[in-house]
Colleague: 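First the structure, which I've put down as structure tokens, then a few questions once you've had a look.
In each ligand, atom 1 is the first atom listed, and ligand 1 is the first ligand listed. These figures come from a predicted structure and were not determined experimentally. We number each residue from 1, following the sequence as shown.
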Amino acid sequence: MNKPITLNDEVNNPIRKVMMGLEYALFRTGPLTMAASQVCIFTKTDAAMERPDIQYHLQPLSADKPADGTHRFSAFTASVCQLRPTSTGHIELKSNNPADYPAIHPNYLATEEDQKTAIESIKVTRNIINAPALKPLIQEEHEPGIQHQTDEELLEYARNRATTIYHPTGTCKMGHDDMAVVDDRLRVHGIEGLRVVDASIMPVIVSGNTNAPTIMIAEKASDMIKEDAAQTVAQAV
Ligand SMILES: Cc1cc2nc3c(=O)[nH]c(=O)nc-3n(C[C@H](O)[C@H](O)[C@H](O)COP(=O)(O)OP(=O)(O)OC[C@H]3O[C@@H](n4cnc5c(N)ncnc54)[C@H](O)[C@@H]3O)c2cc1C
């Protein structure tokens, strides 16, 4: 950006950094109290679609990797994710020792639909950045960078640079088909007395963030566990 109005500028200035710390210590306000993403947008990569297929999380900061610290220049990040990806990955148990970590195969961007969404979402982002309200504030596009123009170049960029938004679901999906792990009361098929209650039971990913739906699943499951326990007690009496 061509004005020092981002969190990068705050963090890279030692005096402003101390002020941030003081503001938090004295008033419990300021940048240290804010969520990373300040703007959320649900929109479509194709106006003809019935409902949004992508979601933005906009952060007033930028970094190559979060652990590396913010860039030395003023910038913000428009991170965009596909809401209902059609590529599915899987988790593979590497041994019968429960202490061994499983192998995770994300299988990102395997389908044509997902590849197209990745390409189009970068184009939508460029449209937003070029809107009259934002354009005067922008000095240059740091990533992907204007050298990436063709669909092939944008897809290649997405393959190399895209990462998870930490919303994995569906590894123990609820249902009654061959791939289902739990039934509609979250009981593991074929095993008595065992339930799975977490994001893994979603048959397909929700169109948005996963934390609130997971809490909803847990609330509903706790009701079902109590109902089933009450029924067992009633039958025993
Ligand atoms: C960095 C990051 C940022 C995120 N940001 C957001 C966000 O902004 N908004 C949003 O909606 N979602 C967000 N999510 C996703 C959200 O956190 C998850 O969808 C949600 O927490 C899933 O809940 P869960 O109960 O399925 O799993 P978890 O929350 O991972 O809970 C699993 C629990 O099991 C425990 N556990 C693991 N192994 C064992 C064991 N062997 N014995 C006993 N306990 C064990 C773990 O300690 C953990 O407490 C984010 C996730 C990450 C990683």
Side-chain angles (χ1 to χ4, degrees), residues 6-8 11 30-43 51-71 76-109 114 117 121 125 158 161-175 179-189 191 193-226 228:
T6 69
L7 212 52
N8 290 10
V11 171
L32 287 178
T33 62
M34 71 185 215
S37 301
Q38 302 290 293
V39 178
C40 178
I41 305 168
F42 288 87
T43 189
R51 54 181 178 152
D53 65 329
I54 54 172
Q55 178 186 4
Y56 283 87
H57 294 85
L58 266 75
Q59 296 115 34
L61 56 99
S62 68
D64 286 331
K65 283 191 228 143
D68 291 351
T70 55
H71 287 137
F76 70 94
T77 304
S79 112
V80 57
C81 77
Q82 184 180 4
L83 288 172
R84 291 171 295 280
T86 52
S87 308
T88 52
H90 68 279
I91 292 178
E92 184 188 357
L93 296 182
K94 286 197 284 197
S95 75
N96 61 3
N97 177 358
D100 283 349
Y101 289 119
I104 301 173
H105 304 281
N107 201 28
Y108 298 131
L109 296 171
D114 293 1
T117 309
S121 62
T125 310
R161 199 67 172 100
T163 181
T164 174
I165 196 166
Y166 310 114
H167 293 166
T169 57
T171 46
C172 293
K173 81 164 186 170
M174 176 179 68
M179 291 300 285
V181 173
V182 295
D183 67 12
D184 47 22
R185 294 185 77 76
L186 306 188
R187 296 170 298 207
V188 175
H189 287 299
I191 301 180
L194 180 64
R195 291 184 206 243
V196 176
V197 181
D198 60 22
S200 70
I201 67 93
M202 294 182 195
V204 289
I205 192 164
V206 291
S207 300
N209 295 39
T210 45
N211 193 54
T214 307
I215 292 169
M216 183 277 291
I217 289 166
E219 292 281 355
K220 187 162 167 59
S222 63
D223 288 346
M224 291 191 299
I225 290 166
K226 283 193 282 187
D228 290 355

Colleague: Run the salt bridge (charged side-chain N to carboxylate O under 4.0 Å, His left out) check on Asp64 and Arg161 step by step: do they pass?
Modeller: CA-CA 10 Å; Asp64 286 331; Arg161 199 67 172 100; 3.8 Å; yes
Colleague: For the pair Leu7 and Met34, evaluate side chain to side chain contact (heavy atoms under 4.5 Å, CB included) and give the outcome as yes or no after the intermediate values.
Modeller: CA-CA 11 Å; Leu7 212 52; Met34 71 185 215; 3.6 Å; yes
Colleague: Is there a donor-acceptor pair under 3.5 Å between the side chain of Asn209 and the backbone N or O of Asn211?
Modeller: no
Colleague: Indicate whether the side chain of Asn107 and that of Ser87 have a donor and an acceptor atom separated by less than 3.5 Å.
Modeller: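 Distance-only check fails for Asn107 and Ser87.
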Colleague: If we ignore hydrogens and angles and just use 3.5 Å, is the side chain of His167 paired with the main-chain N or O of Leu83 as donor and acceptor?
Modeller: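 Not at all, since once roles are kept as given, no pair shorter than 3.5 Å links the two residues.
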Colleague: Give every pair made of an N or O atom of ligand 1 and a protein N or O atom lying under 3.5 Å apart, one pair per line with both atom names and the distance to 0.1 Å, or write 'none'.
Modeller:
from     : atom 1 : to     : atom 2 : distance (Å)
ligand 1 : 9 (N)  : Asn209 : ND2    : 3.1
ligand 1 : 11 (O) : Thr210 : N      : 3.3
ligand 1 : 11 (O) : Asn211 : N      : 2.8
ligand 1 : 19 (O) : Thr210 : OG1    : 2.6
ligand 1 : 26 (O) : Ala199 : N      : 2.8

Colleague: Take Thr6 and Leu61 through the side chain to side chain contact (heavy atoms under 4.5 Å, CB included) test and state the conclusion after the steps.
Modeller: CA-CA 6 Å; Thr6 69; Leu61 56 99; over 6 Å; no
